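What follows is a short report on a single structure.
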Amino acid sequence: MKRLAHVLLGLLLVFGLTLTGFVALNWAPDRPLDELKARWAPPPSQFVDIAGLSVHLRDQGWRDDPEPLLLLHGTSASLHTWEGWVAELAKQRRVISLDLPGFGLTGPFADGDYRVQRYTDFLLAVLEHLQVERVVLVGNSFGGQLAWRFALAHPERSARLVLVDAAGYPRNAESVPIGFRLAGIPALAPVMSRVLPRSMIESSLRNVYGDPDKVDDELVERYYQLTLREGNRQALRQRFVQAPSGELHQRIGELRLPTLIIWGGRDRLIPPDNAERFAADIAGSQLVLFDDLGHVPQEEDPQRSVAALNHFLAR
């Protein structure tokens, strides 16, 4: 019995030392905004006061465009995910991209309200501030959910809709990135607010790419550093609770605007059968499937995916 006690004590000691080492190696407290701005917000980035937030925003291209494109990124991403598209689109269109509240450099809502309706109200405030009457709504993943929800709430402000691996229907993921899984466990909140293994960010990115080998160090570093922006990790946990996938999906069939659906055939987070549901529910919509791409086709292969968008805009 005494020997067993010694063994158990030894195991506990090893576990404690291992845990301490893990925490020490992956200790990652929040980083202040000013520390991140220099690298991730060079021109044409600007910070605009909207709805009580200092919003990280880029407004590029043809200023007289009557129907600018509004690009909305997905969970834990930022406006940088659209850079490949913007380089092409801004040659002929006005293109507005921004970091949604709780992500990137914009930071969290002060009152902790992350319901989709709150984001919809925020997007309307953005358009009012920029004096834009109608937009082409373009959204990836969670940003796609915001795009179609905004189009339902404000059809008079919505010219066209582009859904890129968009959320909308009840979740049927084949594989969820480890970062999302851990963020959804309330008991881990105290640890996850101070510890962030960079390897976890890399694993999550490789999980959502059709070709994981396209995930390079620069991409991982961007997602990693912007996740550490003050308040973002807490906001992510709240958003998972307050903005569930599938909310109001019964109304998707009410959409009555020209719609393009772009999807990666290797998307395991929101599989391609969701694209088929959008296409069936939205009358007259067009579906373009890229068999070899994953959850973020605009980032994984911007040249090929933006060509589909340009064809749609030219119709």
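When reading the values below, keep in mind they use all heavy atoms of this one structure, side chains included, and skip hydrogens, waters and symmetry mates. Everything numeric in this text was worked out from a predicted model, so none of it was measured.
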Just by distance, no angles: are the side chains of [X] and [Y] close enough, under 3.5 Å, to form a donor-acceptor pair?
{"X": "Q238", "Y": "Q234", "value": "no"}
{"X": "R315", "Y": "Q286", "value": "yes"}
{"X": "N207", "Y": "S175", "value": "yes"}

Is it true that a side-chain atom of [X] and a backbone atom of [Y] form a donor plus acceptor pair closer than 3.5 Å?
{"X": "R256", "Y": "G253", "answer": "yes"}
{"X": "W263", "Y": "L163", "answer": "no"}
{"X": "N232", "Y": "L226", "answer": "yes"}
{"X": "S245", "Y": "Y169", "answer": "yes"}
{"X": "H73", "Y": "L100", "answer": "yes"}
{"X": "T259", "Y": "L257", "answer": "yes"}
{"X": "S204", "Y": "M200", "answer": "yes"}
{"X": "N140", "Y": "G143", "answer": "no"}
{"X": "H80", "Y": "W40", "answer": "yes"}
{"X": "D267", "Y": "G264", "answer": "no"}

What closest approach, in Å, do [X] and [Y] show between heavy atoms, and which atom pair accounts for it?
{"X": "L53", "Y": "G107", "answer": "CD2-O, 4.3 Å"}
{"X": "P29", "Y": "R233", "answer": "C-NH2, 3.4 Å"}
{"X": "A173", "Y": "L269", "answer": "CB-O, 3.2 Å"}
{"X": "L289", "Y": "P272", "answer": "CD1-CB, 4.3 Å"}
{"X": "L33", "Y": "E230", "answer": "N-OE1, 4.0 Å"}
{"X": "W82", "Y": "L72", "answer": "CZ2-O, 3.2 Å"}

How many angstroms lie between [atom1] in [X] and [atom2] in [Y], if you round to the nearest 0.5 Å?
{"X": "L146", "Y": "L137", "atom1": "CG", "atom2": "CG", "value": "10.0 Å"}
{"X": "S285", "Y": "F312", "atom1": "OG", "atom2": "CZ", "value": "9.5 Å"}
{"X": "K214", "Y": "L205", "atom1": "NZ", "atom2": "CG", "value": "14.0 Å"}
{"X": "I282", "Y": "W148", "atom1": "CD1", "atom2": "CH2", "value": "9.0 Å"}
{"X": "S54", "Y": "L105", "atom1": "OG", "atom2": "CG", "value": "9.5 Å"}
{"X": "L71", "Y": "L69", "atom1": "CG", "atom2": "CG", "value": "6.0 Å"}

With hydrophobic residues grouped by side-chain heavy-atom distances under 4.5 Å, do [X] and [Y] end up in a single group?
{"X": "V164", "Y": "L161", "result": "no"}
{"X": "V86", "Y": "V135", "result": "no"}
{"X": "V208", "Y": "F290", "result": "no"}
{"X": "L287", "Y": "F278", "result": "yes"}
{"X": "F142", "Y": "I270", "result": "yes"}

[X] side chain near [Y] side chain, heavy-atom distance below 4.5 Å:
{"X": "S97", "Y": "L57", "value": "no"}
{"X": "V162", "Y": "I261", "value": "no"}
{"X": "H311", "Y": "V288", "value": "no"}
{"X": "Y223", "Y": "S78", "value": "no"}

Quiz item: ring-ring contact (aromatic ring centres under 6.0 Å, His included) between F109 and Y119: does it pass, once the steps are laid out?
Solution: CA-CA 10 Å; F109 282 122; Y119 279 102; 5.4 Å; yes
Practice problem: With sequence neighbours left out, write down each residue that passes salt bridge (charged side-chain N to carboxylate O under 4.0 Å, His left out) with E202, or none if nothing qualifies. | Solution: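 E202: no salt bridge (charged side-chain N to carboxylate O under 4.0 Å, His left out) contacts found.
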Quiz prompt | Worked verdict on W85 versus S305 for side-chain contact (heavy atoms from CB on, under 4.5 Å) | solution = CA-CA 8 Å; W85 276 24; S305 53; 2.9 Å; yes
Practice problem: Apply side-chain contact (heavy atoms from CB on, under 4.5 Å) to the pair Y209 and R206, showing each step before the final yes or no. | Solution: CA-CA 5 Å; Y209 265 56; R206 291 176 64 86; 5.9 Å; no
Look at [X] together with [Y] and state whether they make a salt bridge at an N to O cut-off of under 4.0 Å.
{"X": "R149", "Y": "E247", "result": "yes"}
{"X": "E218", "Y": "R39", "result": "yes"}
{"X": "D211", "Y": "R266", "result": "no"}
{"X": "R229", "Y": "D99", "result": "no"}

Exercise. Report the C-alpha separation of L70 and V136 in whole Å, then their side-chain angles, then the decisive distance to 0.1 Å, and conclude whether the side-chain contact (heavy atoms from CB on, under 4.5 Å) test is met.
Key: CA-CA 6 Å; L70 179 63; V136 177; over 6 Å; no
Pairwise salt bridge (Lys or Arg N to Asp or Glu O under 4.0 Å) hits with a residue in [range], at least two apart:
{"range": "residues 159-172", "answer": "none"}
{"range": "residues 129-140", "answer": "E67-R134"}
{"range": "residues 70-94", "answer": "R58-E83, D59-R94, D65-R93, E88-K91"}
{"range": "residues 277-306", "answer": "R222-E299, D292-R304, D301-R304"}

Distance-only criterion, 3.5 Å: show the donor-acceptor pairs between side-chain atoms of residues 120-130 and protein atoms not counting sequence neighbours.
residue : atom : partner : partner atom : Å
T120    : OG1  : V116    : O            : 3.0
D121    : OD1  : Q117    : NE2          : 2.9
E128    : OE2  : R157    : NH1          : 3.0

Quiz item: Can you check side-chain contact (heavy atoms from CB on, under 4.5 Å) on L98 and H56, steps first, answer last?
Solution: CA-CA 6 Å; L98 72 161; H56 180 214; over 6 Å; no
